[in-house]
Amino acid sequence: MTSEAFAMAQALRGQAIEWRRDFHRHPELLFDVDRTATRVAELLRDFGCDEVVTGIGRSGVVAVIRGRTAPASRTIGIRADMDALPILEATGLSYASAVSGRMHACGHDGHMAILLGAVNRLAKTRAFTGTLVAIFQPAEEGGGGAKVMAEDGLFERFGIEEVYALHNMPAMDIGTFAISEGVMLAAADRFDIKILGKGGHAAQPHETIDPIVVANHVVGALQTIVSRSVNPTDPVVLSVTSIHAGEAYNVIPPEVVLKGTARAFSDTNRDIVESRMRAIATSIAHAFGAEAEFDYRRGYPPTVNHPAQARILAAAAAHVAGDTAVRRDLAPLMLAEDFSYMLRARPGAFIFMGNGTTAPLHHPEYDFNDDALPHGISLWIDLVTRASK
Ligand SMILES: [Zn+2]
Ligand SMILES: [Zn+2]
């Protein structure tokens, strides 16, 4: 807690709280982050960044801060997400959302304030070698804003060689960090299965092909993918979360629609899950004389840290928070993050930062913990000095 970076970050705490609570009061969704992006760009210009570019990946904002040049100096990107969630806030805070049904329930308000704090400081001191590219990204919560920014040439245009991000984590102590040198988060895919049978009178089942019976077999057999088809050391979740069919007591409906999510830590397992699901759904349907339509849509890929960059980020965390405050062997979580797309474009790493005893992420009573701000700011200041060398 005595590092120089942490002392600098403490001095920025008051301002960072102000920025954070202003974002919190004005939550915006997906790519429609006009107010937030405008405010971010305005602050970045005030800080004296060398370049501030808006409209990258529709509504993303990018700032370039050049440090001292040295023969081996590098350009590193740090990403903060800007969007909120369609949740009705129930915190009762003085700075609670001013927009009913929208709220910063994932702490992206805090992530922005942290990156702004670090940029503010580094733009002033320039006490680092190389170049920092601060990336403010829209649409993390379902829109794949990271992918859209990457497709818009983010990495090439700004010459980004490595990329980093953090996410707050409730129930983890303030001032602690958790990371691993490999998989951090899962891929999140979605599926729809339509079982097409033949409806009819419930008293004459022999005249029908009952899709409800077929669907029951399909749901049961899908469970064998997790237990029999994937390697047990590389876990998968497959949840059927919705079944819709029928209206009446005495009518067999013509079709059943199933929906759900599949989560995996590797592309290998995503391939296995998709192909086994297709085989099970169509073959079981055929066995009963029905048909199955199967649609599998890939969402965010797994978030996988690159070992060298994870070690640099862990070293920065250990330097600002103390060695015992950094867990380096975090087991992967079944959550998903679109920063995964950035980690596919460039080497980099993602780290969790403690948010203390707050409500969980995406909960109506969640709030980013302002006490975490200096820890995040000092992490980025330390990382930039370390990684850009
Ligand atoms: Zn979220
Ligand atoms: Zn989030």
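Counting starts at 1 for both ligands and their atoms, in listed order.
Among the atoms of H108, none of the N, O or S atoms falls under 2.8 Å from the Zn ion (ligand 1). Taking 2.8 Å as the criterion, C106 counts as a coordinating residue of the Zn ion (ligand 2), since one of its N, O or S atoms falls below it. For E141, the nearest N, O or S atom to the Zn ion (ligand 1) falls under 2.8 Å.
Using a 4.0 Å cut-off between charged nitrogen and carboxylate oxygen, D371 and R13 count as a salt-bridge pair. Salt-bridge formation is detected for the pair K147/E151: a Lys NZ or Arg NE/NH1/NH2 atom is positioned less than 4.0 Å from an Asp or Glu carboxylate oxygen.
Put simply, the side chain of L44 reaches to within 4.5 Å of the side chain of F136, judged on heavy atoms.
H362 contributes NE2 as its N, O or S atom closest to the Zn ion (ligand 1).
A donor atom on one side chain and an acceptor atom on the other are found under 3.5 Å apart for R20 and Y95.
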